[in-house]
Amino acid sequence: MIQKLHYFIAIFAFFCVQAYSANTPESTETTGTPAPTSSGSSKRAQRVQPNFPKGDPVLISDVKVSKARYNQADVATEYLRFEILLEGKYNPDEKSTKDWIRNVEVELVVIYEDDNAKESRVAFKSIAKMLAVKATGRTPVVFIIPGEAAQIYRLAPEPLMYTIGLKVLGTQIELSPSNYKKLLSKKLASASNPVKALEFFKVEVDKASSLNEGVLVPLNRASFPIQSFEYLGKLDNAAKFAPTYISDR
């Protein structure tokens, strides 16, 4: 009798275990990659670290576009000049001096409108490479379009659009809402969507700038008379720091 009771108890226990197993979800294997604990933490993991976490080390204080004139062999000669005034904030290279920011590149891209030409827009592009700019001051960077080119292309002093790109120690300063108005011309910066406007601008540049290489040049590649006038002949340059341009040649 006792043996039969033990037998029925064992059978009952067996069916209870089977029923429990059937109603219990199967366990999943650990893959080694934990799931995010919350949507907030996953978003934080996806954020891109800015190129310069402390902020842009170099800003643009002002952009001046003008027509300049100098006398050569008693003949007045004009040219277009773009002066980009850089303002240093700090040196991102903590191992170097705090007074200078080395290896600064300034890329200028401009588009002019020419109603008389078959291609109504003319684009120019150039890069100025600077040995260093002041970390706590202002440094002028000058680009030139020579007079004969201005006449050939019938260029007004003010371009239709322009963009400025900055690199410090080989790292690009990113375009952001805080620097739109300094890196982009008014026509681009005031667009409802500056990013899309910039994409359109790049398409226009790709169509035309390769045809006009060497027309827009940094000051160190301008003709000797223009360089002489810029460094020695302009009275308002007397109080300005004259930076050192690095030549690719």
Side-chain angles (χ1 to χ4, degrees), residues 58-68 70 77-86 101-114 117 119 121-133 139-173 175 179 182-189 198 200-231 234 237 240 242-249:
V58 177
L59 306 177
I60 295 177
S61 175
D62 195 12
V63 178
K64 297 179 181 178
V65 184
S66 61
K67 183 180 292 186
Y70 68 96
T77 303
E78 294 182 338
Y79 62 93
L80 298 181
R81 73 187 301 273
F82 300 80
E83 181 177 315
I84 300 170
L85 198 57
L86 302 182
I101 305 171
R102 294 193 58 188
N103 298 332
V104 176
E105 289 187 17
V106 183
E107 181 186 60
L108 175 63
V109 183
V110 297
I111 286 183
Y112 281 91
E113 202 159 34
D114 184 357
E119 296 292 337
R121 291 180 177 174
V122 185
F124 305 95
K125 180 165 56 177
S126 185
I127 296 177
K129 297 182 179 181
M130 319 306 295
L131 175 63
V133 302
T139 302
V141 179
V142 176
F143 291 86
I144 300 296
I145 292 181
E148 57 267 41
Q151 293 180 22
I152 291 171
Y153 292 104
R154 296 176 288 274
L155 304 180
E158 191 70 28
L160 177 67
M161 296 178 283
Y162 69 78
T163 64
I164 300 171
L166 295 177
K167 279 186 180 181
V168 177
L169 297 172
T171 301
Q172 187 78 35
I173 291 181
L175 192 66
N179 59 27
K182 296 297 184 181
L183 295 179
L184 304 179
S185 62
K186 185 176 181 180
K187 191 177 184 67
L188 290 172
L198 183 59
F200 167 77
F201 179 87
K202 290 180 178 179
V203 171
E204 293 291 304
V205 169
D206 290 340
K207 290 179 181 178
S209 63
S210 61
L211 302 176
N212 306 310
E213 287 187 18
V215 176
L216 174 69
V217 294
L219 181 56
N220 64 310
R221 291 180 55 195
S223 65
F224 177 73
I226 290 179
Q227 289 191 42
S228 299
F229 179 68
E230 285 286 329
Y231 285 120
K234 293 177 66 62
N237 270 2
K240 290 182 180 179
T244 300
Y245 296 75
I246 299 175
S247 177
D248 290 331
R249 288 184 280 178

Once rounded to the nearest 0.5 Å, what's the spacing between atom [atom1] of [X] and atom [atom2] of [Y]?
X	Y	atom1	atom2	answer
Leu85	Leu59	CG	CG	11.0 Å
Ile226	Ile145	CD1	CD1	11.0 Å
Ile144	Arg221	CD1	CZ	12.5 Å
Lys187	Met161	NZ	CE	6.5 Å
Ile84	Ile164	CD1	CD1	4.0 Å
Glu107	Lys129	CD	NZ	11.0 Å

Side-chain contact test, heavy atoms from C-beta onward, threshold under 4.5 Å: evaluate it for [X] versus [Y] and give yes or no.
X	Y	result
Leu80	Val65	no
Phe143	Arg81	no
Ile101	Leu86	no
Leu183	Thr163	no

Under 3.5 Å, side chain of [X] to main-chain N/O of [Y], donor-acceptor pair present?
X	Y	result
Tyr112	Ala150	no
Gln227	Asn220	yes
Asn212	Phe124	no
Lys182	Ser61	yes

Proximity of Tyr162 and Phe82 rings by center, below 6.0 Å
no

Shortest non-hydrogen contact between Ala242 and Tyr231, atoms and distance
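Closest approach of Ala242 to Tyr231, heavy atoms only: CB-CE2, 3.9 Å.
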
Kindly give the heavy-atom pair with the smallest separation between Ala128 and Pro218, and that separation in Å.
CB-CB, 3.8 Å

Pick out which of Asn179, Thr171, Leu175, Ile60 makes a side chain to side chain contact (heavy atoms under 4.5 Å, CB included) with Leu166.
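It is Ile60; the other options fail the test.
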
